[in-house]
Amino acid sequence: MGVATNPIAGRREWIGLAVLALPTLLLSLDMSVLHLAVPDLAAELRPSSTELLWIIDSYGFMIAGFLVTMGTLGDRIGRRKLLMIGGAGFGIASIAAAFATDPVMLIAARSLLGVTGATLMPSTLALISNMFQDPRQRSTAIAVWMTCFMGGMVIGPVVGGVLLANFWWGSVFLMAVPVMVLLLALAPTLLPEYRDENAGRLDLVSVALSLGTILPIVYALKEFAKHGPQSTSLAALVVGVALGVAFARRQRRIADPMLDLRLFRVRAFSVALGITLVGAITMGGVFLLVNQYLQLVAGLSALEAGLLLMPQAGAVVVGSLIAPRLAKRFRPEFVLGFGMLLAAVGIALFTLVDGANGVALVIIGMAVASFGMGPQGVLCTEMVVSSVPPQKAGAASAISETGAEFGIAMGIALFGSIGTAVYRNVVTTPPELPAPVAAEIRDGMPGAVNAAGRLADPLSVLAPAGEAFTSGLHVVSAIGAIAVVVFAVVGMVVLRRPPRPAGEPVSAELDPALV
């Protein structure tokens, strides 16, 4: 009996990959580009402080909340169909956001952008797994996809700065419209349709429990980062965890689960998700403080900081694209592990930053860490997608992206809280300052910058505050570097198993070797 081989993708599939890469780039770019537009839209729409927080956060909340639902829905109704529906909705919501006339309209548009954006990531990744069934081609395709996603987040501030220098704040949203029009025009011809014919009906109770789990937990983590533990955020966390337990129990009980929990019994799937989560926690938390350092301590504008971080974008691209080639020559888990060890070296460089004079060291550290994390994003994503049967690719992709979203939120909350605690413990204020001004300075580096702008001698505040913030960066970076090293070693040890033969179906329930 001959050995079955996976079909080789041709020109149509590679052109289709370019079509899938465009919305991926746009989606990640949209996550970071709004921050530059906040001063302009705040001056025109005059939102309250609460409304401004919802304008910024609603997009991320909705994406995180709906990823699992949309990934499962795509498996049922068709991934191309869901991608096109989401693309059309994303374009419409982008126009509504660009021409919003009041804060409530902008919040609603941003929320719709998040819901429709949640259809794009799992749909594009799941379609890649269908279009590129040869393992080597799939690894390369995922590398291109991941490069677009990570690169979009890095170049967002640069693109936003250019647009805002020439147009009004709404222009940052209109970038999506031509991309989505192109997607809708080319998708029917270049992208295949794929659905799980045996998926069953979508359980609406599971959908509600999923949203009730993810949204409160993400909200609580973000609130922890901003204000520390408070009664409302703690209550949200408790509600989210309780509904998560109910969701898991229901998935085990019903005939057609929204999320097949047996996937977590697949070794490669679970370990890759864990590494993705830790990587997102570390990079999200550490890089938050690094970006704040560049603007609040070193005094750079957002556009200047974005331009200086362009080497990071190049490092991400190179690291992501060479990962599949290296994985062909060496064991993938070793490529993954050594890449993470290199990333840990880059993160550790931040512990050497000295006050406001460490910009060059920060840029080098960001580039090294991003280069090292490039293989992690590509190889872990490929492990998740390839370790499950094709009909589960949408759900698996959504779980992977949800893990990354949770990781970023957890990193911001955890490392942000640690950095703030160190800052408050270290910072000193001139004794002659009024108590309210001193309290503002002790609250955090943004407060110190605001207070310094009202003083005759701002350096008397900025210098000690900058040193205190840098101390927090040192502590956070040390913790992050250690965490990355630990999971790099864990990944290399736990994943040292022969890969499953290409095309072999996965069933954790029937194959105890995977457990």
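For residues 358-371, the pairs satisfying side chain to side chain donor-acceptor pair (under 3.5 Å) are Q312-S370, with sequence neighbours left out.
Applying the side chain to side chain donor-acceptor pair (under 3.5 Å) criterion to T116, with sequence neighbours excluded, gives no partner residue.
By the 4.5 Å heavy-atom criterion applied to side chains, R110 and F173 are counted as neighbours. At a threshold of 4.5 Å between non-hydrogen side-chain atoms, the residues V115 and F90 do not count as touching. Using a 4.5 Å heavy-atom cutoff, the side chains of F132 and E13 are in contact. Residues L83 and L120 have side chains in contact (heavy-atom distance under 4.5 Å, counting atoms from C-beta outward). Proximity of F469 to L289: side-chain heavy atoms (C-beta onward) are separated by under 4.5 Å at one or more points. Contact check for P375 versus L326: no side-chain heavy atoms found under the 4.5 Å cut-off. A 4.5 Å side-chain heavy-atom check between L183 and L22 finds every atom pair outside the cut-off. Residues L182 and V19 form no side-chain contact, since every pair of their non-hydrogen atoms from C-beta on lies 4.5 Å or further apart.
Closest heavy-atom contact between G91 and V177: O-CG2, 4.1 Å. Smallest separation of non-hydrogen atoms from G466 and V297: CA-CG1, 4.0 Å. Nearest heavy atom pair, residue T276 against residue C380, reads OG1-CB, 3.4 Å. Of all the heavy atoms in L106 and A97, the pair that sits closest is CD1-O, 3.6 Å. When every heavy atom of G170 is checked against every heavy atom of A98, the shortest pair comes out as O-CB, 3.3 Å. Residues L336 and L379 approach most closely at N-CD1, 3.9 Å, considering heavy atoms.
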Please tabulate, for the side chains in residues 484-495, all donor-acceptor contacts under 3.5 angstrom to protein atoms that are two or more places apart in sequence or on a different chain.
none

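Remark: the backbone N or O of H474 is not paired with any side-chain donor or acceptor of S477 at under 3.5 angstrom. Checked by atom type and distance alone, the side chain of S471 pairs as donor or acceptor with a backbone atom of E467 at under 3.5 Å. Of the possible polar contacts, none joining the S233 side chain to the A220 backbone as a donor-acceptor pair under 3.5 Å is found.
A distance of 6.0 Å separates OG1 in T282 from CE in M373, rounded to the nearest 0.5 Å. If you take CG on L113 and OG on S94, they are separated by 4.5 Å, rounding to the nearest 0.5 Å. Atom-to-atom distance recorded for L473:CG and I418:CD1 is 12.5 Å, nearest 0.5 angstrom. I275 contributes atom CD1, which lies 5.5 Å from atom CE of M340 (distance to the nearest 0.5 angstrom). The structure places CD1 of I347 at 11.0 Å from CD1 of I482, a figure rounded to the nearest 0.5 Å. Considering OH of Y423 and CE of M445, their distance stands at 6.0 Å, rounded to 0.5 Å.
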After noting the C-alpha distance and the side-chain angles of V353 and V362, does the key distance pass the side-chain contact (heavy atoms from CB on, under 4.5 Å) rule?
-> CA-CA 7 Å; V353 172; V362 164; 3.7 Å; yes
List the steps, then state whether side-chain contact (heavy atoms from CB on, under 4.5 Å) holds for M62 with L112.
-> CA-CA 8 Å; M62 294 298 105; L112 182 57; over 6 Å; no
Please test D354 against T470 for side-chain contact (heavy atoms from CB on, under 4.5 Å), starting from the C-alpha separation and ending with a verdict.
-> CA-CA 7 Å; D354 181 20; T470 304; over 6 Å; no
When you look at V422 and N425, which way does the side-chain contact (heavy atoms from CB on, under 4.5 Å) test go after all the steps?
-> CA-CA 5 Å; V422 173; N425 187 57; 5.8 Å; no
